[in-house]
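Computed from a predicted structure; not experimentally measured.
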Amino acid sequence: MTARLEHSLAAQMERMSRASTARSSRAVLRDSHITLSHGAGGKASQALLEALILPSLCSPLLDGVADAGIVPLSSGTSRMAFTTDSYVVSPLFFPGGDIGKLAVHGTINDLAVSGARPIALSVALILEEGLDVDTLRRVMVSIGEAANAAGVPVATGDTKVVPRGKADRMFVNASGIGELRGDVALSPANVRPGDVVLVSGWIGDHGMAVMLAREALELESEIASDSAALHGLAAALLDAVPRTRVMKDPTRGGVATSLNEVARCAGVGIAISESRLPIRPEIHGACEILGIDPLHIANEGKLLAIVPPENAERALSTLRDHPLGSAAAIIGEVRTEHPGMVILQTAIGGARVLDMLVGDPLPRIC
């Protein structure tokens with residue numbers, strides 16, 4: 001029995017090693033047509049970005065894993081964070097949020113996890129002919145309320161209308177600029193073995209809320225999106241732990257994909273503990289019914305942070321002291337073993353590779 005177990009573990013480690021070697025090479029785009037998977041934030045998205053989009057643009061400012069671009073200003077002493085995202089969520093309204101609120105929060109959060117203080121937003125609307133004006137009014141009010149509550153004004157925008165059948169009611173593009181805090185330089189390249197991985201709260205709420213609303217599935221407990229603006233939470237963490245290595249906004253592709261991006265970029269292994277993951281029982285139940293891993297589900301009001309081990313408890317208490325981080329948890333650590341990979345230590349004492357999202361089980365969740 002012992003010999004068979006040792007052989008099984010050795011075989012698994014060998015498979016992990018081969019996978020790690022394969023992941024160290026740049027992604028290759030083998031598809032001849034764009035599919036929904038290319039927009040899901042997982043492996044197909046990574047291949048599209050690395051093999052086609054980034055090489056075509058040839059910009060020194062582009063970083064394929066960053067949530068915002070960092071632009072040096074002419075003075076040379078200041079830096080600006082700049083981000084943009086398009087929101088195509090279906091349905092437009094769901095428990096806990098809507099496309100307008102999502103656009104504001106998602107844009108602010110991309111700036112926040114880059115270490116920037118959000119300054120201003122732009123909002124561009126693509127409207128389909130026949131859209132109900134009351135629907136548009138409702139979304140615009142939501143955008144205004146979310147921006148005002150966050151203290152980040154909308155400074156500019158654009159509106160276009162396309163013929164009936166050329167869009168799905170409405171799409172929103174939002175961009176944002178922010179001022180980098182001092183000498184903050186958050187990057188996966190900063191991550192070192194021994195560092196500690198934290199998440200600021202419950203995992204999987206947003207993506208599951210959208211999925212259930214879209215499919216009109218009813219559960220005994222209502223699941224709502226976690227959509228929220230995180231710039232206050234991120235600033236509090238950076239004030240308490242200036243040596244924070246990196247922060248990530250685990251939206252498309254979820255926690256698993258974000259951690260894989262960090263591991264791959266930093267050339268380290270990341271091990272997370274299943275028993276430490278803050279996942280609500282109702283999310284677990286819905287995922288089991290739908291056959292979805294909660295770690296692949298998008299979040300719109302949570303952040304991931306990796307900090308030095310000596311600052312882990314301070315980081316955790318800082319997150320928990322903030323209203324948006326009360327359910328924060330330490331979920332894992334950075335290791336030298338299995339570089340470029342994320343390993344999930346299961347509740348029953350085993351281990352498995354936690355891969356990036358493959359395919360598109362939750363289309364159009366943001």
Give the cluster check for Ile283 versus Leu304: same hydrophobic cluster or not, with ILVMFWY residues linked at side-chain heavy-atom distances below 4.5 Å. yes
Closest approach of Ile99 to Phe94 (non-hydrogen atoms, all atoms of both residues): N-CE2, 4.3 Å
Over 12 non-hydrogen atoms of neighbours within 6.0 angstrom of CZ in Arg320: yes
Among Val307, Ile270, Ile306, find the one that has a side-chain contact (heavy atoms from CB on, under 4.5 Å) with Val191. Ile306
Taking atom CG of Asp132 as the centre, does the number of heavy atoms from other residues, nucleotides or ligands within less than 6.0 Å exceed 12? yes
Test of understanding: clusters of I, L, V, M, F, W, Y form through side-chain heavy atoms closer than 4.5 Å, transitively. Do Val161 and Leu92 belong to the same one? yes
When you check the gap from the basic side-chain N to the acidic O, do Lys101 and Asp98 get nearer than 4.0 Å? no
Taking side chain as C-beta onward, heavy atoms only, is Lys166 less than 4.5 Å from Glu129? no
If every non-hydrogen atom of Leu290 is compared with every non-hydrogen atom of Met208, which pair is closest and at what distance? CD1-SD, 3.8 Å
Might you point out which heavy atoms bring Ala209 and Ile223 nearest each other, and give the distance in Å? CB-O, 3.5 Å
Shortest non-hydrogen pair, Tyr87 vs Thr107, comes out as OH-N, 3.4 Å
With a 4.0 Å cut-off on N to O distance, would you call Arg352 and Asp293 a salt bridge? yes
Just wondering, more than 12 heavy atoms not from Leu57 lying within 6.0 Å of its CG? yes
Indicate yes or no: at least one non-hydrogen side-chain atom of Cys366 is less than 4.5 angstrom from one of Leu102. yes
Hey, mind stepping through Arg181 and Asp239 against salt bridge (Lys or Arg N to Asp or Glu O under 4.0 Å) and telling me if it holds? CA-CA 10 Å; Arg181 298 162 48 97; Asp239 285 341; 2.5 Å; yes
What one should report as the nearest heavy-atom pair of Ile331 and Arg276 is CG2-O, 3.9 Å
Shortest non-hydrogen contact from Leu180 toward Ser114: CD1-O, 3.5 Å
Starting at NE2 of His296, measure out to CD1 of Ile203 and round the result to the nearest 0.5 Å. 12.0 Å
Joint hydrophobic cluster, Ile272 plus Val246, side-chain heavy atoms closer than 4.5 Å: yes
With heavy-atom distances below 4.5 Å as the criterion, would you say the side chains of Asn173 and Ile126 are in contact? no
Side-chain contact test, heavy atoms from C-beta onward, threshold under 4.5 Å: evaluate it for Val104 versus Val123 and give yes or no. no
Taking C-beta and beyond as the side chain, do Ile343 and Arg335 meet within less than 4.5 Å on heavy atoms? no
Determine whether more than 12 heavy atoms belonging to other residues, nucleotides or ligands lie under 6.0 Å from atom CZ of Arg280. yes
For the backbone of Asp205 and the side chain of Asp226, can you confirm whether one donor and one acceptor N or O come within less than 3.5 Å of each other? no
